[in-house]
Number of protein chains: 2
Amino acid sequence: MTVSSIDQRVSLAVSTVIFALRPHPESGLMTLWLPLVRRIREPYEGMWALPGGPLEADEDLVASAQHTLERTTGLAPHYLEQLYAFGRVDRSPDDRVVSIVYWALVRQEEVARAVDGENVEWFVADDLPQLAFDHAQIVDYALARLRAKITYTPIAHAFLPPEFTLADLRAVHEAVLRTTLDPANFRRQALGTKTLVPTGTCLQGTSHRPPALFRFEAGAPSPAPEEHR
Amino acid sequence: MTVSSIDQRVSLAVSTVIFALRPHPESGLMTLWLPLVRRIREPYEGMWALPGGPLEADEDLVASAQHTLERTTGLAPHYLEQLYAFGRVDRSPDDRVVSIVYWALVRQEEVARAVDGENVEWFVADDLPQLAFDHAQIVDYALARLRAKITYTPIAHAFLPPEFTLADLRAVHEAVLRTTLDPANFRRQALGTKTLVPTGTCLQGTSHRPPALFRFEAGAPSPAPEEHR
DNA sequence: TCAAAAGTGTTGGCACTACACCCATGT
DNA sequence: ACATGGGTGTAGTGCCAACACTTTTGA
């Protein structure tokens with residue numbers, strides 16, 4: 001086997017799968033969306049890809065993901081977690097790239113519309129165009145992780161403003177999991193986690209009984225290392 | 001901020017936390033052990049560290065972990081999974097290293113004793129010496145992951161020979177989780193997973209009723225990407 | 001008064017724990 | 001016979017889905 005003239009070094013990139021909730025263009029139902037970036041050079045020029053970039057030598061992994069997020073959406077994430085490191089030799093033609101991928105949750109209302117311009121566009125997460133590299137597989141895995149994790153950890157609040165009703169919270173779960181949930185049982189289960197604190201106030205002007213407002217209270221931190229932002 | 005003369009590139013390493021079961025030297029109870037490698041150069045020269053090495057340009061991540069495993073224990077893993085990518089800027093003095101860490105389960109009987117020589121030594125996982133870099137934190141996280149995962153996925157068989165009794169399987173769980181488990185309930189729960197197939201034969205010569213032998217049957221594969229060895 | 005969602009109560013099923021009990025072997 | 005773990009049965013408990021029902025608002 002001959003040593004080709006190709007760069008022998010392995011380069012390291014950090015990419016981020018960014019999720020937000022927004023109504024589906026057809027059905028109008030709340031759905032997961034994510035921003036993609038159009039590639040402006042080979043390989044895969046013109047195709048859509050996950051936002052990201054090379055890891056700088058003086059930059060933590062999380063910091064790199066946060067910078068990508070800031071560049072892509074103009075905001076700081078409400079939730080950010082490492083997803084997986086992808087490193088198959090052939091995942092990029094010509095050169096060798098290992099990507100450490102993060103996933104993030106943001107609030108759609110906060111996304112600066114200005115950024116959504118030239119090379120950034122939001123897509124329905126379950127109906128994406130063809131993606132560059134192995135990014136389709138990565139998104140699938142991120143989706144699976146999000147859907148699994150929302151059922152056993154309180155991350156749904158990352159999609160919501162500081163104060164919200166239980167109906168809001170339930171709507172997030174329903175959108176992410178693409179199901180309907182029993183309001184009564186959801187309420188009990190949500191309150192059972194001890195992560196919700198009633199603000200004492202109610203939401204007014206609802207054409208029905210005013211729902212109580214809650215705030216999220218951080219419980220025991222997850223055992224994941226290094227993510228102490 | 002001045003650019004120092006230090007290498008500006010980020011280097012990428014793959015390390016592996018290798019677990020095996022072996023009796024505790026004092027209590028005699030089955031316990032988790034893992035092999036460490038003595039560092040033969042700075043930084044942390046003379047200290048114990050996780051086995052691993054730089055990622056070769058033509059090598060998959062899993063392959064790299066497998067090579068480390070082969071080098072350290074002389075065998076192929078029965079279970080291998082990516083743990084996490086550790087990349088804090090200051091985790092190594094002087095240079096910048098991102099480590100993608102795997103964890104593996106092996107059978108103690110298979111470990112080639114010859115390898116356990118010069119710079120490799122096995123330690124009780126819950127009673128380690130001071131480790132180089134952030135490796136103590138890494139081991140803690142690997143232990144947590146193993147103990148969590150053994151409760152909801154059938155990985156215990158990776159410590160066992162192809163055929164085993166339910167008592168063997170239970171002993172593995174008890175050793176990993178450091179508890180005792182009710183034999184009757186453990187049996188039902190284990191059989192409930194539908195991953196155990198009775199071989200039809202029984203283990204003879206036990207001074208009591210001969211226990212049935214089982215074989216592990218792979219169920220639905222996990223949704224983790226890329227680990228299709 | 002009515003519609004609509006908030007919030008509470010009730011019931012049946014399922015899973016898991018604890019523990020009693022019988023079974024099959026070697027000594 | 002008896003000690004030892006293998007293996008089965010069973011009652012109690014707690015969680016969860018389903019769904020009936022009451023409450024509180026705006027229109």
Side-chain angles (χ1 to χ4, degrees), chain A residues 28-30 147-154 156-157 160-161 163-216 219, chain B residues 23 28-30 147-154 156-157 160-161 163-175 177-216 219:
Chain A
L29 296 170
M30 274 298 198
R147 289 185 169 130
K149 198 140 189 177
I150 203 175
T151 63
Y152 64 93
T153 43
H157 67 91
L160 294 170
E163 298 197 357
F164 50 86
T165 68
L166 280 167
D168 294 334
L169 190 66
R170 179 164 49 85
V172 170
H173 281 254
E174 290 180 336
V176 170
L177 299 172
R178 294 179 298 183
T179 26
T180 56
L181 298 168
D182 184 302
N185 296 330
F186 180 83
R187 145 179 285 271
R188 270 185 292 255
Q189 194 182 328
L191 295 177
T193 63
K194 309 287 183 188
T195 56
L196 297 179
V197 182
T199 63
T201 55
C202 285
L203 183 65
Q204 299 295 342
T206 48
S207 103
H208 61 273
R209 175 169 172 176
L213 286 169
F214 292 86
R215 196 186 300 279
F216 174 73
Chain B
L29 295 169
M30 275 298 201
R147 290 187 168 129
K149 198 143 189 176
I150 204 175
T151 63
Y152 64 93
T153 43
H157 67 91
L160 293 170
E163 299 196 356
F164 50 86
T165 68
L166 280 167
D168 295 333
L169 190 65
R170 180 165 47 86
V172 170
H173 281 252
E174 290 180 336
L177 299 173
R178 295 178 297 182
T179 26
T180 57
L181 298 168
D182 184 302
N185 296 330
F186 179 83
R187 146 179 286 270
R188 270 183 293 255
Q189 192 181 330
L191 294 177
T193 63
K194 308 286 183 190
T195 56
L196 297 179
V197 183
T199 63
T201 56
C202 286
L203 182 63
Q204 300 295 342
T206 47
S207 102
H208 60 274
R209 176 170 171 176
L213 286 169
F214 293 86
R215 196 186 303 276
F216 174 73

_Sugar-phosphate only, base, or nothing, as touched by A/Ala184 at under 4.0 Å among non-hydrogen atoms_ =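 Base contact.
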*Interface with DNA chain C, restricted to residues 186-203 of chain A and to heavy atoms under 4.0 Å*: A/Arg187, A/Arg188
Pairwise side-chain contact, [X] with [Y], heavy-atom cut-off 4.5 Å (strictly under):
| X | Y | answer |
| --- | --- | --- |
| B/Leu196 | B/Phe164 | yes |
| B/Phe186 | B/Leu169 | yes |
| B/Thr201 | B/Glu163 | yes |
| A/Arg170 | A/Leu166 | no |

Atom pairs, protein N/O to nucleotides 23-25 of chain D N/O, distance under 3.5 Å:
{"unit_1": "D/dT23", "atom_1": "O2", "unit_2": "A/Arg209", "atom_2": "NH1", "d": "3.1"}
{"unit_1": "D/dT24", "atom_1": "O2", "unit_2": "A/Arg209", "atom_2": "N", "d": "3.1"}

Within this structure, what is the [atom1]-[atom2] distance for the pair [X] and [Y], rounded to the nearest 0.5 Å?
| X | Y | atom1 | atom2 | result |
| --- | --- | --- | --- | --- |
| A/Arg215 | A/Leu160 | CZ | CG | 13.5 Å |
| B/Thr151 | B/Lys149 | OG1 | NZ | 10.5 Å |
| A/Asp182 | A/Arg188 | CG | CZ | 7.5 Å |

*With B/Leu213 as reference, evaluate B/Asp168, B/Val197, B/Thr165 under the side chain to side chain contact (heavy atoms under 4.5 Å, CB included) test and give the passing residue.*
B/Thr165
*Residue B/Ala212, side-chain heavy atoms: nucleotide from C/dA6, D/dG7, D/dG6 that is nearest*: D/dG7
Would you mind reading off the distance between [X] atom [atom1] and [N] atom [atom2], rounded to a whole angstrom?
| X | N | atom1 | atom2 | answer |
| --- | --- | --- | --- | --- |
| A/Asp182 | D/dC15 | CG | P | 18 Å |
| B/Leu181 | D/dG7 | CG | C1' | 17 Å |
| B/Asp168 | D/dG7 | CG | P | 11 Å |
| B/Asn185 | D/dG7 | CG | C1' | 12 Å |
| A/Leu166 | C/dA4 | CG | C1' | 17 Å |

